[in-house]
Amino acid sequence: MDQSKEQRILNSVSYNAVKGDPESVINCIDKYCSQYEWAMNVGDEKGTILDKVVEEADPSVALELGTYCGYSAIRIARLLKPNTRLLTIEFNPEFASIAKEIIEIAGLSEKVTILEGHSEDIIPQLKKKYEVETLDFVFLDHWKERYAPDTILLEECGLLRKGSILLADNIIYPGAPEFIKYIRSNKRFECTSYPSHLEYMKVEDAMEKAVKDPGAAAMLF
Ligand SMILES: Oc1cc(-c2ccc(F)cc2)cc2nccnc12
Ligand SMILES: [Mg+2]
């Protein structure tokens, strides 16, 4: 049977990347997806915004919704301090398996846990089953229709604290209008838009950052 695009991305990483070097895995995926086959990795332009927000959050526990091939999980995990972790949820079993191998090649398997299943089923398990108290950073990059309901679910499950930082991809393209309407009208969140471009394309896109109860967190220091 023909290989999938995601399997071809793994082949390229396995052949060209330097084992244990996250930067070389990131560069290899960006090179392959800009030169041969477009794929829905966050990419280098939006990835630089992701890096900056992760550094601002400096998370002990981070969550990603939508692993895909593991590109953004590697971008996030390479910036995490010792004894901190990234949980990433992926419902597509083939994507989860490819991501596991690519994250292993990057040498970041110790810091990243891939949780296979639907976000709405796994989020309510994070406290008890995955020993999460609260999430310092959440990257939303899965099905756009789930951005708003999953944000509400994270709140309902008590997983967000004062100062928790959410970052959402694809606010313009494919777009997440319900999420934008919800988060920008919610007084508990301070929102910032970061204009950018769709990965590997000249199409406009943007990322949205939403900080929960920022004032309260700021007052503590
Ligand atoms: O960054 C992304 C881009 C696209 C996407 C698909 C088709 C197009 F034509 C353009 C863009 C889909 C995505 N789904 C989940 C997470 N991230 C995505
Ligand atoms: Mg995306």
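Just so you know, ligand 1 is whichever comes first in the structure, and atom 1 is the first atom listed for that ligand. Hydrogens, waters and symmetry mates are skipped; everything else that's a heavy atom, side chains included, is used.
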- Looking only at protein heavy atoms, what sits closest to atom 14 (N) of ligand 1 is M40 SD, 3.4 Å
- Message: So, taking the atom named CG in L135 and the one named OG in S60, what distance separates them when rounded to the nearest 0.5 Å?
- Response: 11.0 Å
- OD1 (D141) to the Mg ion (ligand 2) to OD2 (D169), nearest 10°, is 90°
- Does a donor on one side chain sit under 3.5 Å from an acceptor on the other, for N41 and Y200? yes
- Item | Subset of ligand 1 atoms that lie under 4.0 Å from at least one heavy atom of Y173 | 8 (C), 9 (F), 10 (C), 11 (C)
- Task: Of the side chain and backbone of D141, name the one, both, or neither that has a heavy atom under 4.0 Å from an atom of ligand 1.
- Result: both
- With distance as the sole test, does K19 use its side chain to make a donor-acceptor pair with the main-chain N or O of S14 at under 3.5 Å? yes
- Hey, does P174 sit under 4.0 Å from ligand 1 if you only count heavy atoms? yes
- Task: For atom 18 (C) of ligand 1, find the nearest protein heavy atom and state the residue, atom name and distance (0.1 Å precision).
- Result: N170 OD1, 3.3 Å
- Side-chain contact test, heavy atoms from C-beta onward, threshold under 4.5 Å: evaluate it for L198 versus N170 and give yes or no. yes
- Message: Could you work out, for atom 1 (O) of ligand 1, the closest of K144, E199, H142, K46 by heavy-atom distance?
- Response: E199
- Under 3.5 Å, is there a donor-acceptor pair linking the side chains of Y182 and N186? yes
- Donor on one side chain, acceptor on other, S34 and D30, under 3.5 Å: no
- Message: Does only the side chain of L198 get under 4.0 Å from ligand 1, or the backbone, or both, or neither? Count heavy atoms.
- Response: side chain
- Query: Is there at least one pair of N or O atoms, one from N41 and one from ligand 1, spaced under 3.5 Å apart?
  - Reply: no
- Validation row, ring centre H142 to ring centre Y68 under 6.0 Å: no
- Residues E37 and Y32: side-chain donor-acceptor under 3.5 angstrom: yes
- From N41, does some N, O or S atom reach closer than 2.8 Å to the Mg ion (ligand 2)? no
- Query: Below 4.0 Å from any atom of ligand 1, is there a heavy atom belonging to W38?
  - Reply: yes
- Note on the structure: Atoms of ligand 1 under 4.0 Å from any heavy atom of D169, numbered from 1 in the order shown, are 1 (O)
